[in-house]
Amino acid sequence: MADNTPAPIPLRRSIWRNWISLTGTVIAIGSFFSFLLLFAFDLFAGEHSNPYVGILSYVVAPAFLFLGLGLLLFGAWLSRRQQKRDPDAPTPQLSIDLENPRDRKRLIWFALGTMTFLLFSAMGSFQTYHITETVEFCGKVCHEVMKPEFVAYQNGLHARVACVECHVGSGAGYYLQSKLNGAHQLWGVISGKYKKPIPAPVTNLRPAQDTCEKCHWPQRFSGNLERTYHHTLAGEDGKTFTVRLLLHVGGGDSQHGLVGGIHWHTSKEHRVEYYAEDDQRQNIPWIRVSNPDGTATVFKTPDFKAEPDAAKIRTMDCLDCHNRPAHRYKSPNEAVDQALYLGKIDAKLPAAKRTIVDLLTKAYANEAEAAAAIESGLRKQYGNSPAATQAITTVTTIYNENFFPFMKADWSKYPEHIGHKDWLGCFRCHDNQHEAVGKPGKKIAASDCNTCHTILAQGTGAELTKLAPEGQPFKHPDVLPDDLTCSDCHNGKNQSP
Ligand code: HEC
Ligand code: HEC
Ligand code: HEC
Ligand code: HEC
Ligand code: HEC
Ligand code: HEC
């Protein structure tokens, strides 16, 4: 039969029939297929999905789709050019004659190849989907960029809570927003246009009731919590100074306990709103408390005469105190205190606290430079003793876990709102400055030292056994001037502490 049929004379040979265009078509179909699959996962996974699938389905898959279409057009353009240049020349046409064993073989291989490709792209999509669900992906895909957050997270309380639980949460609206964000951030990383350090607070972070409160029951009554803070002073002898506090955490729900104490702010009946002048929410001149009976009290600092910008008023939630639940960088002071207390640095090394804090407060260009400086600094001071070697290992680890020179991230860049020693924290509002509008003399309650906590014991040695249930005045290790607040000195800006 093949012999009888005249060879087909292509009148107008199709410019689409060439290997490049065909490959393009296969890639386009494959990626479209992957897109559909990813899209389906995305849809069905609902609240369990994560933002990075968005990057795959809406950025990577379409990119391949366009690559395929591009190849298709490119192949066509090439063959047209060839046809134009030399209309009579037999353009390498793609014609398949099933009778021809060579063509048949080719076609079989091509079909097999296509099928394998489609299969792999489907499997690939599925695999990638699972990989992106993991925490490692979030932390490692942008390697250097997110290293600080990732390392701190792994050393934090929430190391087993996936990034997406706090950063995305459930529900369609935020979900979409996070996808768009994901794509936007990916672009930032690719193009090198991101800020160092990454700014906090994350302004589009979801409200805590959709994230934190999915695991932490806001109605919980915590009552009093005892916490012990171990310190070592800067002197030669490494004297310790310990504070035992009873924190009046209380609760915010009358079904489960008396509404009051620190968690009073989480009560559903009272709403606390505030206006901050700066992006890091450190200067708060205006606060409004709305009560269940519909009344409201506004507190202002004396210098704040204006009305706050309504769009910038924020309702207080968990994050206004627990703002670093997953990414805490320790200050040199805190990290060294802890290592000394745990014996990871020998407390007998003379002036260990001051020497090491000094080394950790210097700026280094990178981890290697820091490690070298730590080693030479400690060897100079303490020679080749085993205690010196142990200290070098410990201090280098402290540096690597809390300081990130590439991203310029460390404790001093990220204010923490809980407490009031290193940052203003609670004292942003509880500073005895804010006064109720229309009620002269009425200040914010809970501003003296024994309302949020009572100091049960403090000092060193036998002093720590003298418990005072009613609380005792704080005996600061150094003379305390009246006009300064804790963070004025403890902010790390004036050398140690
Ligand atoms: C327990 C909740 C929680 C988890 C889990 C969590 N984060 Fe965060 N993250 C936050 C909060 C809250 C902030 C905002 C901090 C602030 O306002 O100071 C934040 C901030 C960030 C920032 C902005 C920069 C900064 O340091 O403030 C990045 C980047 C980030 N997180 C990445 C991650 C990555 C990557 C993971 C997983 C490896 C993760 N987060 C897991 C709660 C969480
Ligand atoms: C997916 C569940 C989950 C989410 C979401 C979550 N947490 Fe947690 N959180 C935990 C678990 C579990 C622990 C206890 C960890 C442990 O003890 O090992 C914890 C511990 C804590 C603690 C310490 C409690 C203590 O005993 O000292 C605080 C504070 C906290 N979370 C605040 C937050 C805040 C704020 C958010 C929102 C940004 C948040 N959590 C989001 C599960 C979660
Ligand atoms: C006004 C500040 C403030 C707010 C708002 C706040 N907390 Fe706390 N919370 C604290 C302090 C202070 C502690 C004591 C522990 C500490 O100092 O680390 C604490 C303790 C906790 C603990 C440990 C208590 C326990 O019983 O084990 C959890 C969990 C917690 N908070 C979760 C939340 C959640 C969830 C929200 C939001 C619904 C929230 N907090 C809102 C200040 C606050
Ligand atoms: C944005 C401002 C703001 C911040 C930040 C803030 N508070 Fe408050 N707090 C208030 C206001 C307002 C009241 C109610 C005062 C009143 O009615 O006189 C209050 C009340 C309290 C009360 C008394 C609750 C009761 O039993 O009636 C305690 C305790 C307290 N805060 C502790 C803290 C602690 C601890 C922190 C830091 C972790 C903190 N607050 C941070 C605004 C704030
Ligand atoms: C508005 C509530 C509030 C008031 C008022 C307050 N504190 Fe505190 N304080 C806290 C909280 C919360 C912490 C715990 C911080 C943490 O867990 O990191 C704390 C921690 C401390 C610590 C332990 C810090 C450490 O690292 O050893 C000392 C000491 C202390 N407060 C002293 C005082 C003194 C002195 C005053 C009065 C000038 C005072 N506090 C007033 C809320 C308050
Ligand atoms: C005038 C500056 C100044 C002020 C204000 C100040 N401190 Fe200190 N504080 C120091 C110095 C200096 C040391 C170190 C003493 C040493 O190491 O020998 C210190 C040590 C401490 C220590 C023990 C060691 C350490 O390094 O943590 C605690 C706890 C402490 N201060 C808490 C507070 C609290 C809480 C407040 C606010 C009520 C406060 N300080 C206000 C200067 C200050």
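Numbering of ligands and ligand atoms starts at 1, following listing order.
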Report task. Sequence neighbours left out, what pairs pass salt bridge (Lys or Arg N to Asp or Glu O under 4.0 Å) with at least one residue falling in residues 453-471? Result -> none
**Report entry** contact_flag His167 ligand 1 heavy-atom lt 4.0 Å
**Finding:** yes
Query raised in the report: Do you see an N/O/S atom of Cys486, backbone or side chain, under 2.8 Å from atom 8 (Fe) of ligand 6?
Result: no
Query raised in the report: Among the heavy atoms of Asp448, does any lie under 4.0 Å from an atom of ligand 5?
Result: yes
Query raised in the report: Run the salt bridge (Lys or Arg N to Asp or Glu O under 4.0 Å) check on Asp320 and Arg314 step by step: do they pass?
Result: CA-CA 10 Å; Asp320 290 294; Arg314 184 181 147 85; 3.1 Å; yes
Report summary line: So the salt bridge (Lys or Arg N to Asp or Glu O under 4.0 Å) pairs with at least one residue in residues 228-248 (sequence neighbours excluded) are Glu226-Arg244, Glu236-Arg354
Query - Min heavy-atom dist Pro148 to ligand 1 below 4.0 Å - result: no
Requested in this report: Specify the protein heavy atom at minimum distance from atom 17 (O) of ligand 5: its residue, its atom name, and the distance to 0.1 Å.
Outcome: Tyr229 OH, 2.8 Å
Report task. Could you tell me whether atom 1 (C) of ligand 5 has at least one protein heavy atom nearer than 4.0 Å? Result -> yes
Report summary line: Among non-hydrogen protein atoms, atom 18 (O) of ligand 5 lies closest to Ile418 CG2, 4.0 Å
Requested in this report: Count, excluding waters, the protein N, O or S atoms that are closer to atom 8 (Fe) of ligand 5 than 2.8 Å.
Outcome: 2
Query - Interfacing atoms of ligand 6 (cut-off 4.0 Å, heavy-atom, Cys489) - result: 1 (C), 2 (C), 3 (C), 4 (C), 5 (C), 42 (C), 43 (C)
Query raised in the report: Got the closest protein heavy atom to atom 25 (C) of ligand 5, with its distance?
Result: His231 NE2, 3.4 Å
Query - N or O contact, His490 vs ligand 6, cut-off under 3.5 Å - result: yes
Query raised in the report: Under 4.0 Å from any heavy atom of Leu480, which atoms of ligand 6 are there?
Result: 3 (C), 4 (C), 5 (C), 6 (C), 7 (N), 41 (C)
Only distances under 3.5 Å count here; give the side-chain donor-acceptor pairs of residues 300-309 to other protein atoms, sequence neighbours excluded, each with its distance to 0.1 Å.
from	atom 1	to	atom 2	distance (Å)
Lys305	NZ	Pro302	O	2.6
Asp309	OD1	Ala311	N	3.1

Query raised in the report: Going by the order shown, which atoms of ligand 6 are within less than 4.0 Å of some heavy atom of Leu484?
Result: 1 (C), 5 (C)
Query raised in the report: Got an N, O or S from Cys166 under 2.8 Å of atom 8 (Fe) of ligand 1?
Result: no
Query raised in the report: Which bit of Asn333 is near ligand 6, meaning a heavy atom under 4.0 Å away: side chain, backbone, both or neither?
Result: side chain
Query raised in the report: At the 4.0 Å heavy-atom cut-off, does Val479 count as touching ligand 6?
Result: no
Report task. Please state which part of Ala162 comes within less than 4.0 Å of ligand 1, counting heavy atoms only: side chain, backbone, both or neither. Result -> backbone
Query - Region of Asp478 engaging ligand 6 - heavy atom pairs below 4.0 Å - result: side chain
Query - Where ligand 6 meets Ala234 - atom numbers and elements under 4.0 angstrom, heavy-atom basis - result: 16 (C), 17 (O), 18 (O)
